[in-house]
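Below is one structure, written out as structure tokens, with a few remarks after it.
Along the sequence shown, residues are numbered consecutively beginning with 1. Note: hydrogens, waters and symmetry copies are ignored here, and every other heavy atom, side chains too, is used. Everything numeric in this text was worked out from a predicted model, so none of it was measured.
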Amino acid sequence: MTAIALTIAGSDSGGGAGIQAYLKTFSALGVYGASVMTALTAPNTLGVQGVFDVLGAFVRQQLASVLRDLDVKAIKIGMQSRRSTICAVADGVEAAQALPIVLDPVMVAASGDLLLRASAFKALMSDLIPHALLIAPNLHEAAALTGLPIAASEPEMEHQARALVRAGAQAVLIKGSHGTGEDCADILLTRSARHRFATPRIATSNVHGTGCTLSSAIAAGPAKRLVLEEVCRAAKGYITAAIAASSRLQIGAGHGPGHHFHAWW
């Protein structure tokens with residue numbers, strides 16, 4: 001049976017993040033990717049120049065259309081900039097609540113551009129996070145979600161992860177890629193266990209969409225019915241290799257993407 005994962009997120013016209021990165025990651029990991037578009041963005045490797053939101057009613061229509069026909073095994077949720085969009089997505093995934101959901105709470109682009117409106121924050125916390133098998137914020141997003149300062153150590157990362165579990169998350173992976181230590185460490189906290197995944201930090205500016213890629217690689221695992229801890233460990237290896245191979249690419253004048261298909265070309 002073909003493993004199918006669905007991504008619900010915004011488009012990245014530069015191809016390094018968003019739906020484009022999710023679909024590339026699914027394909028690289030042997031999963032068929034379907035998509036529901038929540039926003040069109042106008043970014044490149046230098047920043048985000050514009051955002052055009054898709055109407056909530058059309059988000060609902062896309063989601064219903066895909067789930068009615070495709071045997072989706074996992075859902076990856078990315079950028080949701082407006083409250084109406086979040087409500088539409090929440091309604092759709094509630095109808096498919098048996099499916100594992102990986103939520104990447106995309107709030108701020110690596111360039112610093114705001115991608116989540118303030119009015120949508122409460123809906124993200126109340127309507128999407130409780131549905132997710134896993135939420136995967138970076139350091140800045142975890143701080144915003146918990147109302148705490150940006151974590152400067154692994155104990156602080158774990159503290160914020162525990163706060164998010166208390167807030168309703170089933171499991172939390174805080175991505176440490178924005179840290180400054182020699183290791184790039186991610187902390188996975190479930191309601192019964194803690195795991196640490198660390199790799200040497202790679203000196204490169206090609207970090208556009210790396211968080212998107214990691215969380216998509218995680219979503220590919222449940223689509224193939226793999227165990228969460230094993231999935232997160234394998235996803236960490238995949239994104240590390242993609243970043244290491246990014247020097248093979250020459251994409252744009254700013255922060256380039258990882259190499260999603262490093263195993264093939």
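No continuous path of hydrophobic side-chain contacts links Val31 to Ile218 [ILVMFWY only; heavy atoms under 4.5 Å]. Put simply, Leu63 and Leu99 are part of the same group of oily side chains (I, L, V, M, F, W, Y) that touch within less than 4.5 Å, one to the next. Taking hydrophobic clusters as Ile, Leu, Val, Met, Phe, Trp and Tyr residues chained together by side-chain heavy-atom distances below 4.5 Å, Ile174 shares a cluster with Leu128. Connection of Met125 to Leu139 is established within a shared hydrophobic cluster, with ILVMFWY side chains joined at heavy-atom distances below 4.5 Å, either directly or through further cluster members. Under the 4.5 Å side-chain heavy-atom criterion for ILVMFWY residues, no single connected hydrophobic cluster contains both Ile129 and Leu134.
In this structure, CD1 in Ile187 is found 12.0 Å from CD in Gln160, a value given to the nearest 0.5 Å. From Lys24, atom NZ reaches atom OG of Ser216 across 11.5 Å, with rounding to the nearest 0.5 Å. Atom CG of Leu133 sits about 5.5 Å away from atom CG of Leu228, to the nearest 0.5 Å. The OG1 atom of Thr210 lies 5.5 Å from the CD1 atom of Ile239; values are rounded to the nearest 0.5 Å. Expressed to the nearest 0.5 Å, how far CG of Asn44 lies from NE2 of His208 amounts to 8.0 Å. The CZ atom of Arg194 sits 12.0 Å away from the CD atom of Glu229 when rounded to the nearest 0.5 Å.
Of the possible donor and acceptor atoms, none in the side chain of Ser246 sits under 3.5 Å from a partner among the backbone N and O of His259. With Thr38 contributing its side chain and Met79 its backbone, the two residues share a donor-acceptor pair below 3.5 Å. Side chain of Arg201 to backbone of Ala185: no donor-acceptor contact under 3.5 angstrom is found. Panel note: side chain Asp12, backbone Ala17; a donor-acceptor pair is recorded below 3.5 Å. Between the Gln62 side chain and the Met37 main chain, a donor and an acceptor come within less than 3.5 Å of each other. No donor-acceptor pair closer than 3.5 Å links the side chain of Ser11 to the backbone N or O of Thr41. Using modelled atom types, no side-chain atom of Tyr32 and backbone atom of Val72 make a donor-acceptor pair closer than 3.5 Å. Ser215 places a side-chain N or O within donor-acceptor distance of the main-chain N or O of Gly211, the cut-off being under 3.5 Å.
Environment of NE2 in His159: sparse, with no more than 12 heavy atoms of neighbouring residues, nucleotides or ligands closer than 6.0 Å. The number of heavy atoms from other shown groups lying within 6.0 Å of CZ (Phe121) is above 12. More than 12 heavy atoms of other residues, nucleotides or ligands shown are found within 6.0 angstrom of CZ on Arg60. Annotation: Lys224, atom NZ; neighbour count of heavy atoms from other residues, nucleotides and ligands within 6.0 Å is above 12.
Residues Leu67 and Gly92 approach most closely at CD1-O, 4.2 Å, considering heavy atoms. Scanning both residues, Ala253 and Thr45, for their nearest heavy atoms gives N-OG1, 3.3 Å. Leu188 approaches Cys232 most closely through the heavy-atom pair CD2-SG, 4.1 Å. Minimum interatomic distance between Val102 and Ala219 (heavy atoms only, all atoms of both residues): CG2-CA, 3.9 Å. Val51 and Ala39 get closest at one heavy-atom pair: CG1-CB, 4.4 Å. Contact record, Ile77 with Gln80: CG2-NE2, 3.5 Å, taken as the closest heavy-atom pair.
Judged by a 6.0 Å distance limit and a 45° cone about the ring axis, Lys76 is positioned over the six-membered ring of Tyr22.
Pro222 has its side chain out of reach of Lys73: every pair of non-hydrogen atoms, C-beta onward, lies at least 4.5 Å apart. Between Leu6 and Leu70 the shortest side-chain heavy-atom distance does not fall below 4.5 Å. You'll find the side chain of Pro137 reaches within 4.5 Å of the side chain of Leu164, heavy atoms only. Between Ile243 and Asn206, the closest side-chain pair of non-hydrogen atoms is not below 4.5 Å. At a threshold of 4.5 Å between non-hydrogen side-chain atoms, the residues Leu103 and Leu124 count as touching. When side chains are defined from C-beta on, Ser13 counts as touching Pro43, because their heavy atoms get closer than 4.5 Å. Within the 4.5 Å cutoff, side-chain heavy atoms of Glu141 are placed close to those of Asp104. No side-chain heavy atom of Trp265 sits under 4.5 Å from any side-chain heavy atom of Arg248.
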Worked check of side-chain contact (heavy atoms from CB on, under 4.5 Å) between Val54 and Thr85
CA-CA 8 Å; Val54 176; Thr85 305; over 6 Å; no
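Side chain to side chain, Gln170 and Thr190 fail the donor-acceptor criterion of an N or O pair below 3.5 Å.
Residue Ile75 is tested with Val66, Ile101, Val36 for a side-chain contact (heavy atoms from CB on, under 4.5 Å); the sole match is Ile101. When the options Lys236, Arg196, His195 are evaluated for a side chain to side chain donor-acceptor pair (under 3.5 Å) with Asp186, the one that passes is Lys236.
Using the six-membered ring where Trp is involved, Trp264 and Phe261 have ring planes that are perpendicular, over 60° apart on the 30 and 60° scheme.
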